[in-house]
Every structure is written in structure tokens, then in C-alpha cells.
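For reference, the structure discussed in these notes is given below.
Ligands are counted one by one from 1 in listed order, and the atoms in each one are counted from 1 as well.
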Amino acid sequence: MSTENIKVIVRCRPLNKREISFNAQNIITINSNAGQVIVNSPDKTKTQNDTPEEHFQQIFTFDKVFGTQSMNIDLFNQSFKSVVQAVTQGYNACIFTYGQTGCGKTFTMTGEQSNVGYIVNSFDCIFDYISTLPNSVQIVLKASYIEIHNEKIKDLVTNLNDLSVNESKELGIYVGNLSEHLCYTKTDLQIVRQDGYKTEIQLQHA
Ligand SMILES: Nc1ncnc2c1ncn2[C@@H]1O[C@H](COP(=O)(O)OP(=O)(O)O)[C@@H](O)[C@H]1O
Ligand SMILES: [Mg+2]
């Protein structure tokens, strides 16, 4: 477990077809070694009124940055894996994916057949770990799948709406009436994921 509890990583996606169709310019460069995203001002036709300030460059530094050619497995091995491994050591962990619509959240979480995202990579990592344990060690793995949208919590497996956030001495903070599904194998876990994902797709929130 690293000494820092929170890490912020940035992934820049390539221009999409729509952006290419109207000749959008890529104004981002990254410096992987320094963990920096460099935002350059767009090229403009120089006018008499141009000031140096109009051709600025802004540099933002993060724990890690990934460029347009990065593969999901690279992100997993270099960033997410340690978070998942921390869980196997008894820590609570969270991978939070944030960004505007179309920036690549689903691509990073779910990915494509030949470039699977961190959800599948996490499942593999967890079960790889379990397979290394002696038979005398018992593991209980339960999965839940919820959506928080417009301040409302929905269980995507049971379709139960309006779940409440509760707190108790024994459990800490928890979601009331949330279904938990015992998973003995990777397939069990994949089934929970598929069931929840079907509901998620039906809801079609951006
Ligand atoms: N790193 C990437 N490389 C190639 N294509 C990407 C990448 N990130 C996103 N895309 C593509 O951009 C589009 C929007 O991405 P998506 O993951 O659906 O965004 P979000 O879930 O954040 O709304 C999709 O067509 C996706 O395939
Ligand atoms: Mg999405």
C-alpha cells in the first residue's frame, strides 16, 4: 500500500469523429514522466492586438497521466492494480471515474473486447489473488451494483429505487436494503455485473 491515500490520474482520449469532422485542433500534450498535462492555446491568426498572454500555455500536474494511445491494461497495471490489491490486504478502496459526457469514462471502466476496462481487470486481479491462497483460508466475496443519479440511489440488480444512506455503529455508513450477492467464482461476479449493466443501459443516463 502506498503512503498516499488518494491519487488523481488523468487520461486524455483521442479526438473523436465529430471533432475531426469540424477540424478541431488537439491543444493537449502530455509529459508522462512529469505527470503533466499541458494545455496550449489554439493557434490563431496573429492580429495587431495579439498580446503574449493570448498565446499561453497552462501546465497541470497529477499523480499520473495517460495519453491518447494508452491501453486500458496500462492504466490498470500502473494505477488501478495497487488499489485492488489494497482491498486484498484489508483496506477499503474506491476507484472514482469522473469527467464530462464523452470524455471516456465508460471506455476506461468497461472498454472493448480487445481492450477490456478496469472492471474486468479488477475481477481478474481479485480472483488471481484468491487462487494463490491455501484452501484453509476462507474468503467471502459479495457484490452489489448501485447507481446514484439526481441524489437518488437505485439498486441496479433488484431495480429497487430510493434506497437510503444509513449509519450504524456496527456497519458504519451503508445503503439500506441494498442487495448483496455472494460470488464464489469469477462467473458469479460477472453475472451480477451483467444483470446490473442491463438495467444501467435501459436507464440510458448520459
Ligand atoms: N482512450 C480512448 N481511446 C479511443 N477511444 C476512446 C477513448 N476514450 C473514449 N473513447 C471513445 O469516445 C467515445 C466516448 O467515450 P465514453 O467512454 O462513452 O465517454 P463517457 O462514458 O465519459 O461519456 C466512445 O465512442 C469511446 O469509444
Ligand atoms: Mg458513459
**OP:** Check Ser70 against ligand 1 and report side chain, backbone, both or neither, counting heavy atoms closer than 4.0 Å.
**Re:** neither
Subject >> Contact partition for Gln100 relative to ligand 1, non-hydrogen atoms under 4.0 Å >> reply: backbone
Using a 3.5 Å cut-off on N or O atoms only, is [X] in polar contact with ligand 1?
X: Thr108; answer: no
X: Phe107; answer: yes
X: Lys105; answer: yes
X: Gly104; answer: yes

Subject >> Side-chain donor/acceptor of Asn115 to backbone N/O of Glu112, under 3.5 Å >> reply: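 Looks like no, no N/O pair under 3.5 Å.
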Subject >> Inter-residue atom distance Ile59.CD1 - Thr29.OG1, 0.5 Å rounding >> reply: 8.5 Å
Determine, using heavy atoms of [X] and all atoms of ligand 1, whether some pair is separated by less than 4.0 Å.
X: Arg11; result: yes
X: Thr101; result: yes
X: Gly102; result: yes

Subject >> N, O or S from Thr101 under 2.8 Å to the Mg ion (ligand 2) >> reply: no
**OP:** Measure the shortest side-chain to side-chain distance between Val157 and Thr199 over non-hydrogen atoms and say whether it is less than 4.5 angstrom.
**Re:** no
**OP:** For residues Asp162 and Ile153, determine if any side-chain heavy atom of one lies less than 4.5 Å from a side-chain heavy atom of the other.
**Re:**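 Side chain of Asp162 against side chain of Ile153, heavy atoms only: no contact under 4.5 Å found.
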Subject >> Atoms of ligand 1 close to Pro14 [distance to a heavy atom under 4.0 angstrom, numbered from 1] >> reply: 1 (N), 2 (C), 3 (N), 4 (C)
Original post:
Strictly by modelled atom types, are Tyr197 and Thr110 linked by a side-chain donor-acceptor pair under 3.5 Å?
Top reply: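 No, Thr110 and Tyr197 have no side-chain donor paired with an acceptor closer than 3.5 Å.
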**OP:** Would you please say whether a donor-acceptor pair under 3.5 Å links the side chains of Thr61 and Gln36?
**Re:** yes
Original post:
Pairs in or reaching into residues 8-23: which pass side chain to side chain donor-acceptor pair (under 3.5 Å), with residues at least two apart or in two chains?
Top reply: Arg11-Ser70, Arg11-Asn72, Arg11-Thr108, Arg13-Glu19
Original post:
Do Val39 and Phe66 share a hydrophobic cluster (ILVMFWY, side-chain heavy atoms under 4.5 Å, transitive)?
Top reply: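 No, it is not one cluster - the side chains of Val39 and Phe66 are not joined through contacts under 4.5 Å.
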